[in-house]
Enquirer: 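Sharing a structure here in structure tokens format.
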Amino acid sequence: MEPKNNNDVRIGFYVCHCGHNIAAMVDCPEVARFAQQLPNVVLSRDYKYMCSDPGQELVQKDIQEFRLNRVVVASCSPLLHEHTFRGACEAAGLNPFYFQMVNIREHNSWVHTDRAEATEKAKALVQGAIERVARHKKLEQKKVPIHPDVLVVGGGIAGIHAAMTLANAGKKVYLVEREPSIGGHMAKFDKTFPTLDCAACILTPKMSEVGSHPNITLLSYSEVTKMEGYVGNYTVTVKRKPRYIIEDLCTGCQDCITNCVFKEPKFPDEFNEGLGKRRPVYIPFPQATPQVVLIDPEVCLNFKRGKPGQEPVVSDRCKKTCVEACGEKKAIDFTQKETFETLKVGTIIVATGFKTFDAERIPQYGYGRYPGVYTALEIERLVNASGPTGGHVVMRDGREPKSIGIIHCVGSRDKKTNRWCSRVCCMYSMKLAHLLKEHTGAEIYNFYIDMRTPGKGYEEFYDKLLEEGVHFIRGRVGEVTDWAYAPGEDGKLVIRVEDTLAGYVRRIPVDMVVLSTGLEPQADAQEVRRLFNMSCGSEGFFLERHPKLAPVNTFNDGIYIAGACQGPRDIPDTVAQAGAAAAEAMALIDKGYIEQEPNTAYVLAEECCGCKSCLPLCPYTAITFDESSGKATINEALCKGCGTCVASCPSGSIVQNLFDDEEIFSEIHGVLAYD
Amino acid sequence: MTKEWKPRIVAFFCNWCTYTAADLAGVSRLKYASNIRVIRLMCSGRVDPQFILEALAQGADAVLIGGCHPFDCHYAEGNYKCLRRFEMLKRLLQQMGIEQDRVRLEWISAAEGEKVRRVVNEMVETIKKLGPLGLPKRFEEWDREMEHFAQRVQACDAACGAPQCGHAAASHNPTMESAHV
Amino acid sequence: MAVTYSYYPGCSLKGTGRAYEESLLPVMRALDIELVELDDWNCCGATAYMAVDELKACVMASRNLALAEKAGHREVVAPCSACYLVLNKTKHYIHESPSVHQVVNTALKQGNLAYSGNTPVRHPLDILVHTVGLDAVKKRVTTPLKGLKVAPYYGCQIVRPYSTFDDQYNPTTMDRLLEAIGCTVVPFPLKTRCCGGSLTGTLPEPGLLCSQIILKEALKRGADCIATVCPLCQFNLDGYHDKIAAKWGASRIPTVFFTQLMGLAFGLGERELGLHRGFIPLQLPATLRAAAA
């Protein structure tokens, strides 16, 4: 296919040095010289920083002075600056889609080592773009209106802050939380580092604001099951799990709990990490929002023990003293079933948080075998005044510990389990050391690999701990064992560790061991991210669009992520990210529309032969068949521009804007024409 | 051949996963062979088998297609359609005498910069062993053969007095070349 | 229908560890498993040769694997921990490195043998718990060893560096097997701690200390005996009581092979199972002795 030597096409070509980033490996002047002699190229320049203001002004000036009607820039990735240069073209009065970009940085100068080869490759890619751009057509960006409501998934501190920010700005927010109460992990903490603020004190006012804010619809004990639609117009299905309590009628008086047939609480309490007990009817914690109780059908006597996966069946065997105690309010309803609600929103913020590492995966530390070994979250509940022991640090066997070992990096920085650093464990380990010392006066030992204290006031916190007499031993703990060897070790748990600063292996007998477990993606992170059409990294955390420039955006416009679901982080960073996500969502909503990339497909009716092979291919059901005319048509609003139908049409009668067959064939020809 | 032959591989990368992964490889400064030319598409489902054939016909020694992992396609199922077409095309290519190793489909997610590096390097090594495909050169040879044959037929006809066929009169038939498309 | 395995005893099971063989073969037979000893097997080299010349050690060990392939049975059983580890290590190296495989096969060719790298090498614990199954074992028990408190001691070589059939840090196959024959398994944190190995012969002070630590802890936990899987462990724990007593005070507790306990539970005789070979004799609890009489 010969490129048309059409006098109508006037291409301006620019190759960017990008400082040394490209110029060090690609001979830019040489590439510019090469491009100059290609068909339709009117001018060819090389410049140091194309994306800068002077660079863009250069393009604009040239467009006007030389009557350019096509522009090609060879520089970095289009994913980074295509938008910038299209904007420059538009500002100069040229349709932005007459622009094509060549990636000679991420795909060339940064990944190759031979200057001659890199320059040859650059020339080939440039020729491809120049032949392609000649075939570009004028296109208009579509404006898609954005529905003003927002969905926030996850009611931890990230979700709460994002919801509050948006609600205060006057937006209507749906906050969906899987647990019966919002608050997330932060609600379980005692104090937060480094200021030692009481977590509940700073969280509960926010929780209560969320609960009473007129702009926030709180859907607790609910999960998102389906998301359909397109940016700005999402239809989300939410499953409301049955509490067996009518939420609107429950006043949170908790008389049902005190009057339950179970005189003593008997079942492991999830909020207290299994250290405390609850009854079948319970409220997760005193400050729960919403202040509504719920009934656990697995253990409530009024339900039959069913097979797993089956809906619980009312057995009616119980005296139901709870119903009696509820009295006039009549809030208990054993016949309640799960229901589904459909929400229409324009933007979604996913803030589903993290899960802690399962310490049983490291058998050397004895979690689950030795009752004296605890996880950090369990300790948070023990030292908490509203915890199972009223803040009194008492072990499972009733003893008060006189010596405590805190082991850092359990399930972090570990080739066998998780390679990453969980970022918060050093700080919370020190916080727990401080709190435990305050509560018990015990000898405390922290076993660390490195002390990571990157935040504001964090290093100062570490200094304070050193002065408090906490022992810091640098070494990764090898084993926690109840084998007593030296005198004084009987009845204790012995921590065996190489003290790398002292240079020998030590045995340190303690009463209690605390494992500083790392942060991981939630157990169902894969299902959740597919639900929202998001990518995730190799570790399983949700993937941001760009780690530096777009940390809260995903690859889907209108869907944002915030908090620990994106990676381990502390509360200040989480709140900052949640605010950022809310701002991004607000920017979209306030603008009122989003400009869709005009890469939709359309059918050339006169060429369509009516074979219908394209119909079942579209995942968005954008293609319909008109029986009367015998032709297929594509609904532009639903088309997302994937191009699958285009590739499959046997008569070639479906055309895709921006990725037309002609354009791609000429690009193929161009990259191979240069030998 | 005046220059030493270097393999040329045309790659079709999907915007959301593989192209991003290649960007990540760049950002991470991973190094790989320079024999690859990437063409960006929105989805691997856009890959028309004709693109692959055209690339090979225009002189590529191999074609690499990069898409999202099953389940992860940005457009839900485009990668599956790509897979179907690709499998059928491979059979066709085999019948045409083009080695299976010359066309490769890989699922590379946005976080797998290292995989881009590995796949490109592996493929270049494989193609180096297979040698050049050189279809444009072969087309030229076949065209010359046909010309030669046509001239012989013409001579034969002239010798036995049969009417001349217009077809044989043309020395270079442009319509034949378009048949390659 | 009897299942047949190739059987690689190794030097110890014909020498100081013969009680292991004496108890293993009848126990397997009682469970319908035939162990066919490899003809003309050679020493595996154990830890000693591997430490001196890995390549030559591989060749020596793989001769046995080649013999097993030739014998045609699907899998090889190697009861001795060192043999088990060396054979598996050899197999692993051959898989990892085609050049090692080449060297090995070139050497083996001299003896008209070849090793493909495929024959699995299995441990009796693995076979008993995962292939035969604990239910089948329980069915065969005629005298459950009720009241006998046992400390399960695995030693290091079947869990380090690879652990092919059990957890590396806290293995439980032998615990479950002992429970299946009625024993009370005592919680024992030192189940994979080194017994001193060959050090008891070369550097007795640290070597014997390793053994003493295990003996002392087993006694402290209230065990009546220690059950072991390795002939060297059994030897170290059983053979040096006088020296240990002289240095650190006595820690006399019998150390037997787990197969000997299984044999007793299956109703086989003490002499038949080689129980007379232990320096510290196994004392069954009074109730069991009455039942056996």
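Letters go in sequence order (proteins before strands), and every chain restarts at 1.
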Enquirer: Using modelled atom types and a 3.5 Å cut-off, is there a donor and acceptor pairing between side-chain atoms of A:H669 and backbone atoms of B:Q58?
Expert: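 No, A:H669 side chain to B:Q58 backbone: no donor-acceptor pair under 3.5 Å.
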
Enquirer: So which residue, B:D72, B:L30, B:V10, ends up with the most heavy-atom pairs under 4.5 Å with chain A?
Expert: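 When all of B:D72, B:L30, B:V10 are compared, B:D72 has the most.
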
Enquirer: Examine distances only and state if a side-chain atom of A:N533 and a backbone atom of B:H74 form a donor-acceptor pair shorter than 3.5 Å.
Expert: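 Yes.
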
Enquirer: Looking at A:L617, is its backbone amide N or carbonyl O close enough to the side chain of B:K81 to form a donor-acceptor pair, meaning the two atoms are under 3.5 Å apart?
Expert: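 Yes, because the side chain of B:K81 sits within donor-acceptor range (under 3.5 Å) of the backbone of A:L617.
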
Enquirer: Where do A:V646 and B:D48 come nearest, in terms of heavy atoms and distance?
Expert: O-OD2, 4.5 Å

Enquirer: Name, in order of residue number, those residues of residues 33-46 of chain B that have a heavy atom at a distance of less than 4.5 Å from a heavy atom in chain A; otherwise write 'none'.
Expert: B:A33, B:S34, B:I36, B:R37, B:V38, B:I39, B:R40, B:L41, B:M42, B:C43, B:G45, B:R46

Enquirer: Examine whether an atom of B:T20 lies under 4.5 Å from a heavy atom of chain A, and if so say whether it belongs to the side chain, the backbone or both; otherwise answer neither.
Expert: both

Enquirer: Does any backbone or side-chain atom of A:Q656 lie under 4.5 Å from a heavy atom of chain B? Answer side chain, backbone, both or neither.
Expert: side chain

Enquirer: Working to the nearest 0.5 Å, report the span between SG of A:C639 and OH of B:Y75.
Expert: 9.0 Å

Enquirer: Does any non-hydrogen side-chain atom of A:V111 lie less than 4.5 Å from one of B:R29?
Expert: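 With C-beta onward as the side chain, the pair stays apart.
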
Enquirer: Rounded to the nearest 0.5 Å, how far apart are OG of A:S648 and CZ of B:R85?
Expert: 5.5 Å

Enquirer: Could you check whether the rings of A:H107 and B:Y19 sit parallel, tilted or perpendicular, using 30° and 60° as the cut-offs?
Expert: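 Rings of A:H107 and B:Y19: tilted, as their planes differ by 30° to 60°.
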
Enquirer: Between CH2 of B:W16 and CZ of A:R545, what distance do you get to the nearest 0.5 Å?
Expert: 6.0 Å

Enquirer: Report which part of A:R529 has an atom under 4.5 Å of a heavy atom belonging to chain B: side chain, backbone, both, or neither.
Expert: side chain

Enquirer: Please classify the contact of A:D114 with chain B as side chain, backbone, both or neither, using a heavy-atom distance under 4.5 Å.
Expert: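 Answer is neither: A:D114 stays 4.5 Å or more from chain B.
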
Enquirer: If you count heavy-atom pairs under 4.5 Å with chain A, which of B:A60, B:P136, B:C82, B:A110 comes out on top?
Expert: B:A60

Enquirer: Which residue out of A:L79, A:L80, A:N103, A:N108 racks up the most heavy-atom pairs below 4.5 Å with chain B?
Expert: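 Greatest number of close heavy-atom pairs with chain B: A:L79.
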
Enquirer: Using a heavy-atom distance cut-off of less than 4.5 Å, which residues of residues 93-100 of chain B contact chain A?
Expert: none

Enquirer: Kindly compute the distance separating SG (A:C642) from CG (B:N79), expressed to the nearest 0.5 Å.
Expert: 10.5 Å

Enquirer: For each of A:K640, A:E117, A:R530, A:E667, tally heavy-atom pairs with chain B at distances under 4.5 Å, and name the one with the top tally.
Expert: A:R530

Enquirer: For A:E663, give me all partners under side-chain hydrogen bond (donor to acceptor under 3.5 Å, both in side chains), at least two apart in sequence or on another chain.
Expert: none

Enquirer: Side chain, backbone, both or neither: which part of B:C17 has an atom under 4.5 Å from a heavy atom of chain A?
Expert: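 Neither part, no heavy atoms under 4.5 Å.
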
Enquirer: Under the rule for side-chain contact (heavy atoms from CB on, under 4.5 Å), what residues qualify as partners of B:S109, not counting sequence neighbours?
Expert: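 Residues passing side-chain contact (heavy atoms from CB on, under 4.5 Å) with B:S109: B:H69, B:A111, B:E112.
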
Enquirer: Does B:F12 reach the side chain of A:I668, with side-chain heavy atoms less than 4.5 Å apart?
Expert: yes

Enquirer: If you draw a 6.0 Å radius around CZ in A:R115, do more than 12 non-hydrogen atoms from other residues or ligands fall strictly inside?
Expert: yes

Enquirer: Do you know which of A:C76, A:G537, A:S77 has the most heavy-atom pairs under 4.5 Å to chain B?
Expert: A:S77

Enquirer: So, for B:R8 and A:L672, which heavy atoms are closest and what is the spacing to 0.1 Å?
Expert: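 So the minimum-distance heavy-atom pair works out to NH1-O, 2.8 Å.
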
Enquirer: Would you indicate whether B:K6, at its atom NZ, is surrounded by more than 12 heavy atoms from other residues, nucleotides or ligands within a distance under 6.0 Å?
Expert: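 Atom NZ in B:K6 is not crowded, with 12 or fewer foreign heavy atoms closer than 6.0 Å.
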
Enquirer: Looking only at heavy atoms and a cut-off of under 4.5 Å, which of A:H112, A:E597, A:R105 has the most pairs with chain B?
Expert: A:H112

Enquirer: Has B:K31 got a side-chain atom pairing as donor or acceptor with A:W110's backbone, closer than 3.5 angstrom?
Expert: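 Here the side-chain-to-backbone pair exists.
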
